[in-house]
Amino acid sequence: MHIVKLLCVVFSCLCAVAWASSPRQPCHSPPLTSGTMKVVSTGGHDLASGEFSYDSKANKFRFVEDTAHVNKTSYMDVLIHFEEGVLYEIDSKNESCKKETLQFRKHLMEIPPDATHESEIYMGSPYITEQGLRVRMWNGNLPELHAHYSMSTASCGCLPVSGSYYGEKKDLLFSFFGVETEVDDLQVFVPPAYCEGVTFEEAPDDHSFFDLFHD
């Protein structure tokens, strides 16, 4: 146990040294991540909570809302291929699919390359083993949406911790829990067979990832 703790301390120190000696460029998400994502409005309303999967190399994202989260008549199951600009809204119960174009392709699973490093802070205690988390804070603007954002990532590994989005139409707060650097089933990034042949539905030019979450 002492050896494990020592290795953790050494790794943490090496990470801090490497970060201190490098330019403050946005970090990159691991190739694969998965976990729980919760979205609330700044007014405190729960908007969505469920399991996410993200493939940073292919820039594909899947989010399946937890049906036990709140009393809703419908639940979100979306697959987004950001590189292709395609958003699938999936209804596995009825085996139906809605397909839309996604012109605006930035999102909070990846730090935009023009993001600004704001600070590096400790959440919890930096002095007690396993009682703290060092995070990096990033922020930037999304002029196409007349919005700005902030994000926090783990200092070592660039795992998502939290994020916020402030726009003309809505303000959103994102939290990430139980994040792992793997995805159990890569088929989550493949549209179901019943999505084949579905025609694109028209969407506004500013249609974005953030429009998924609303009261």
Side-chain angles (χ1 to χ4, degrees), residues 25-29 33 37-65 69-70 72-91 96-118 137-153 158 160-176 188-192 195 197-215:
Q25 299 298 320
C27 58
H28 297 286
S29 297
T33 49
M37 182 178 78
K38 183 174 182 178
V39 187
V40 302
S41 68
T42 51
H45 297 106
D46 289 350
L47 303 181
S49 181
E51 299 302 310
F52 79 88
S53 302
Y54 179 58
D55 180 341
S56 67
K57 289 187 175 181
N59 206 4
K60 296 178 179 180
F61 173 80
R62 183 73 176 265
F63 177 73
V64 181
E65 192 171 9
H69 173 55
V70 288
K72 288 185 175 182
T73 56
S74 62
Y75 298 90
M76 190 187 313
D77 182 353
V78 294
L79 170 62
I80 306 176
H81 291 182
F82 286 104
E83 289 300 319
E84 293 82 8
V86 181
L87 185 154
Y88 299 90
E89 294 186 25
I90 300 167
D91 184 345
S96 62
C97 186
K98 180 180 177 182
K99 187 164 63 173
E100 300 175 337
T101 56
L102 195 71
Q103 298 294 340
F104 188 81
R105 303 177 187 181
K106 289 183 179 179
H107 52 91
L108 287 189
M109 299 307 302
E110 195 75 54
I111 301 174
D114 58 353
T116 299
H117 175 256
E118 180 181 335
M137 310 296 294
W138 312 86
N139 59 43
N141 295 313
L142 302 172
E144 300 92 336
L145 301 180
H146 305 285
H148 66 277
Y149 66 88
S150 65
M151 299 173 63
S152 63
T153 61
C158 203
V161 176
S162 64
S164 60
Y165 168 88
Y166 300 98
E168 289 184 328
K169 300 177 182 178
K170 67 184 73 181
D171 300 331
L172 304 170
L173 301 176
F174 295 79
S175 300
F176 300 90
V188 297
F189 301 118
V190 179
C195 288
V198 175
T199 58
F200 280 99
E201 296 190 16
E202 291 187 12
D205 290 340
D206 60 353
H207 189 41
S208 74
F209 165 82
F210 306 101
D211 290 324
L212 294 172
F213 309 102
H214 50 79
D215 291 313

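Not measured: the values here are computed from a predicted model.
Put simply, CG on Leu145 and NE2 on His207 are 11.5 Å apart, with the number rounded to the nearest 0.5 Å. In this structure, Met76 CE and Leu212 CG are separated by 5.5 Å, a value rounded to the nearest 0.5 Å. Note that the OG atom of Ser208 and the CZ atom of Arg105 stand 13.0 Å from one another [nearest 0.5 Å]. Going from atom CD of Glu168 over to atom NE2 of His146 covers 5.0 Å, rounded to the nearest 0.5 Å. Residue Phe63 holds its CZ atom at 10.5 Å from OG of Ser53, rounded to the nearest 0.5 Å. We find the NZ-CG distance between Lys106 and Asp114 to be 4.0 Å, quoted to the nearest 0.5 Å.
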Is there a side chain to side chain contact (heavy atoms under 4.5 Å, CB included) between Tyr166 and Thr42 once you walk through the steps?
-> CA-CA 9 Å; Tyr166 300 98; Thr42 51; 4.0 Å; yes

Could you give me the CA-CA distance, side-chain angles and deciding distance for Phe200 and Lys98, then say whether side chain to side chain contact (heavy atoms under 4.5 Å, CB included) is met?
-> CA-CA 8 Å; Phe200 280 99; Lys98 180 180 177 182; over 6 Å; no

Report the C-alpha separation of Lys169 and Asp206 in whole Å, then their side-chain angles, then the decisive distance to 0.1 Å, and conclude whether the side chain to side chain contact (heavy atoms under 4.5 Å, CB included) test is met.
-> CA-CA 12 Å; Lys169 300 177 182 178; Asp206 60 353; 4.1 Å; yes

Using the salt bridge (charged side-chain N to carboxylate O under 4.0 Å, His left out) rule, take Arg62 and Asp55 through it: C-alpha gap first, then chi angles, then the decisive distance, then the call.
-> CA-CA 9 Å; Arg62 183 73 176 265; Asp55 180 341; over 6 Å; no

Stepwise side chain to side chain contact (heavy atoms under 4.5 Å, CB included) test for Val78 and Tyr88 = CA-CA 6 Å; Val78 294; Tyr88 299 90; over 6 Å; no

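Ile111 has its side chain within reach of Cys27: a pair of non-hydrogen atoms, C-beta onward, lies under 4.5 Å apart. Side-chain contact between Pro113 and Gln25: absent, with no pair of heavy atoms (C-beta onward) separated by less than 4.5 Å. In this structure the side chain of Ser164 reaches within 4.5 angstrom of the side chain of Ser150, judged on heavy atoms. In this structure, Tyr165 and Leu142 have side chains that are in contact, with non-hydrogen atoms separated by less than 4.5 Å. Contact of the Phe82 side chain with the Leu102 side chain is registered, since non-hydrogen atoms from C-beta on lie closer than 4.5 Å. Residues Met137 and Met151 are not in side-chain contact: their nearest non-hydrogen atoms beyond the backbone lie 4.5 Å or more apart.
Judged purely by atom type and a 3.5 angstrom limit, Gln103 has no side-chain atom pairing as donor or acceptor with the backbone of Asp205. Judged by distance alone, with hydrogens and angles left aside, the side-chain atoms of Glu110 form a donor-acceptor pair with the main-chain N or O of Ser29 at under 3.5 Å.
In this structure Ser152 satisfies the side-chain hydrogen bond (donor to acceptor under 3.5 Å, both in side chains) test together with Ser162, sequence neighbours excluded. Checked against side-chain hydrogen bond (donor to acceptor under 3.5 Å, both in side chains), Glu202 has no partners two or more places apart in sequence or in another chain. With sequence neighbours excluded, the residues satisfying side-chain hydrogen bond (donor to acceptor under 3.5 Å, both in side chains) with Asp91 are Asn94.
A centroid separation of 6.0 Å or more is found between the aromatic rings of Phe189 and Phe61. When ring centroids are compared, Phe104 and Phe210 stay outside the 6.0 Å threshold. Ring-centre distance between Tyr54 and His107: below the 6.0 Å cut-off.
Contact between Ala203 and Thr101 at its shortest, heavy atoms only, is CB-O, 3.7 Å. Ser49 and Glu65 make their closest contact through O-CG, 3.4 Å (heavy atoms, listed as atom of the first residue, atom of the second, distance). When all heavy atoms of Pro112 and Tyr149 are compared, the pair lying nearest together is CG-OH, 3.4 Å.
Here the options are Val198, Ile90, Leu87, Leu79, the test is side-chain contact (heavy atoms from CB on, under 4.5 Å), and the partner is Lys99; only Val198 passes.
Using modelled atom types, one finds a donor on one side chain and an acceptor on the other under 3.5 Å when comparing Thr153 with Trp138. Counted by atom type alone, Asn59 and Glu83 present one or more donor-acceptor pairs between their side chains at under 3.5 Å.
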